[in-house]
Amino acid sequence: GAVVSQHPSRVICKSGTSVKIECRSLDFQATTMFWYRQFPKQSLMLMATSNEGSKATYEQGVEKDKFLINHASLTLSTLTVTSAHPEDSSFYICSARDKGRVIVGTEAFFGQGTRLTVV
Amino acid sequence: KQEVTQIPAALSVPEGENLVLNCSFTDSAIYNLQWFRQDPGKGLTSLLLIQSSQREQTSGRLNASLDKSSGRSTLYIAASQPGDSATYLCAVANSGYALNFGKGTSLLVTP
């Protein structure tokens, strides 16, 4: 199956600083990448949809100025949590779909996730 | 808005038992449904993908069924093993291909 690499796997940062999370598709091109967030004992919730070369689409309630998404190439999307606060501590995970598989219903491939702790 | 519900929230069984995890969804206009496994503090491992036109998929001891019209899916695990202990997530893809996840079923298989 296709491989999605997410980095870092864990990060601890001070309140007020910014953190960048990278999501790479290693062996396929991803026109679209998705960013999810998971709080403890909750389901994964979609934060935003990232399309290569265009602005990301954010879900309701997700602050676009706080969670900056850049999808500059077909293999890389980044999520930057700006001015992080303790309530941003969560598990962030990205997903990508293979551009080469044009039929609907293609499988979603996930990165390993990033555990963010803001102290 | 698609809502995905998983029952039970938690399950504990002795090794060797067959078990069924349930997933229901409110909007039947789906593209596909995926079952994932998530180990504590880890990412997602895709187990089975069922396209909207399919009724079931099998992989080893796992069998997933899909009844789109009634908005239900089940994941059947045969001859459970302690290594199967994890959280199992059901996720549904509607238009746009983003996934809507249930809260998961936390499975513990005891030796």
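Hydrogens, waters and symmetry mates are skipped; everything else that's a heavy atom, side chains included, is used.
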At a heavy-atom separation under 4.5 Å, does Q6(A) approach chain B through its side chain, its backbone, both, or neither?
neither
Going by the rule ring-ring contact (aromatic ring centres under 6.0 Å, His included), which residues pair with F25(B) if we only count those two or more places apart in sequence or in a different chain?
none
More than 12 foreign heavy atoms under 6.0 Å from NE2 of H7(A): is that the case here?
no
Counting neighbours of CZ on R61(B) that are heavy atoms of other residues, nucleotides or ligands and sit closer than 6.0 Å, is the number greater than 12?
yes
Around atom CZ of R115(A), are there more than 12 heavy atoms from other residues, nucleotides or ligands closer than 6.0 Å?
yes
E17(B) CD: over 12 foreign heavy atoms closer than 6.0 Å:
yes
Should L76(A) and I69(A) be regarded as members of a common hydrophobic cluster, given that ILVMFWY residues are connected when their side-chain heavy atoms come within less than 4.5 Å of each other, either directly or indirectly?
no
K66(A), NZ atom: more than 12 neighbouring heavy atoms under 6.0 Å:
yes
Distance (rounded to the nearest 0.5 Å) between M45(A) CE and N100(B) CG
8.0 Å
So which heavy atom on S43(A) is nearest to which on G102(B), and how close?
CB-O, 3.0 Å
Got a second to check how far F110(A)'s CZ is from S46(B)'s OG, nearest 0.5 Å?
8.5 Å
Treat each ILVMFWY residue as a node, draw an edge where side-chain heavy atoms are under 4.5 Å apart, and state whether L75(B) and V4(B) are in one component.
yes
Could you grab the distance from atom CD1 of I93(A) to atom CG of L44(B), nearest 0.5 Å is fine?
4.0 Å
Heavy-atom count around L26(A) CG within 6.0 Å, excluding the residue itself: above 12?
yes
So do F91(A) and Q38(B) actually touch side chain to side chain, heavy atoms under 4.5 Å?
yes
Which atoms of I30(B) are under 4.5 Å from chain A, going by heavy atoms: the side chain, the backbone, both sets, or neither?
neither
Checking the side chain of Y36(A) only, and the main-chain atoms of F101(B) only, is there a donor and an acceptor separated by less than 3.5 Å?
no
Using only non-hydrogen atoms and a strict under-4.5 angstrom cutoff, which residues of residues 6-16 of chain B touch chain A?
none
I need the K103(B) NZ to Q38(A) CD distance, nearest 0.5 Å.
11.5 Å
State yes or no: do L19(B) and L48(B) share one hydrophobic cluster built from I, L, V, M, F, W and Y residues joined by side-chain heavy-atom distances below 4.5 Å, directly or via other members?
yes
